[in-house]
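See below for the structure under consideration.
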Amino acid sequence: MPDMKSHARILAAVRRIPPGRVSTYGRVARVAGLASGARQVGYALAALPDDSDVPWHRVVNARGEISRRSHGAAIERVQHAMLEGEGICFGPGDRIDLERFGWP
DNA sequence: AACCTGACGACGC
DNA sequence: GGCGTCGCCAGGT
């Protein structure tokens with residue numbers, strides 16, 4: 001079952017992101033072994049349960065910005081607050097400096 | 001099977 | 001740096 005395996009690899013990759021750092025969908029996909037599966041990463045995180053231990057909030061897009069959900073804008077503010085709580089600073093336009101906070 | 005949508009990314013202008 | 005297009009994969013209608 002390649003589908004389950006991909007999800008498991010993605011979640012495992014996200015779990016490796018240390019506190020105070022962020023990664024991107026593309027990088028997570030690459031670490032998980034998916035060459036061009038950035039979109040798949042977002043899909044996997046969207047199906048994540050609330051009680052999961054996966055630090056989904058540390059995953060942002062390649063621009064260093066929190067991706068816009070089609071469903072629910074409140075969660076974006078929550079993610080923003082959680083990242084600030086870990087010491088991550090947002091620049092103009094709520095952008096994160098990936099050179100400084102990016103992982104790896 | 002055809003088509004559309006979605007927490008994306010790379011490239012070109 | 002903004003904006004449009006194409007490529008990607010999974011799921012639903």
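Everything quoted here is computed from the prediction, not taken from an experiment. Keep in mind that the numbers below use all heavy atoms, side chains included, and drop hydrogens, waters and symmetry copies.
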*Who does C:dG11 pair with, Watson-Crick or G-U, both distances under 3.5 Å?*
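Result: B:dC4.
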
*Could you please name the partner base of B:dG12, counting Watson-Crick and G-U wobble pairs only when both distances are under 3.5 Å?*
C:dC3

*When we call it a touch if two heavy atoms are under 4.0 Å apart, what does A:Gly37 touch: a base, just sugar-phosphate, or nothing?*
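Result for A:Gly37 = nothing.
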
*asked:* Any base atoms under 4.0 Å from A:Ala62, or only sugar-phosphate, or nothing? Heavy atoms, all strands.
replied: sugar-phosphate

_If I take atom CD1 in residue A:Ile75 and atom P in nucleotide B:dA7, what distance separates them, rounded to the nearest angstrom?_
13 Å

_I need the CH2-C1' distance between A:Trp56 and B:dA7, as an integer number of Å._
10 Å

*With the side chain of A:Asn61 defined as its heavy atoms from C-beta on, choose the nearest nucleotide among C:dA10, B:dA7, B:dC8.*
B:dC8

*Nearest-nucleotide pick for A:Gln40, side chain only, options being B:dA7, C:dC9, B:dC8*: C:dC9

_Using only modelled atom types and a 3.5 angstrom limit, is any donor from either the side chain of A:Arg39 or the base of C:dC8 paired with an acceptor on the other?_
yes

*With distance as the sole criterion, do the side chain of A:Tyr43 and the base of C:dA10 form a donor-acceptor contact below 3.5 Å?*
no

*asked:* As an exercise, state the distance from CZ of A:Phe90 to CD1 of A:Ile66, rounded to the nearest 0.5 Å.
replied: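 Answer rounded to 0.5 Å: 4.5 Å.
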
*What integer number of Å spans the C1' atoms of C:dT13 and B:dA7?*
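Here C:dT13 and B:dA7 have their C1' atoms 22 Å from each other.
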
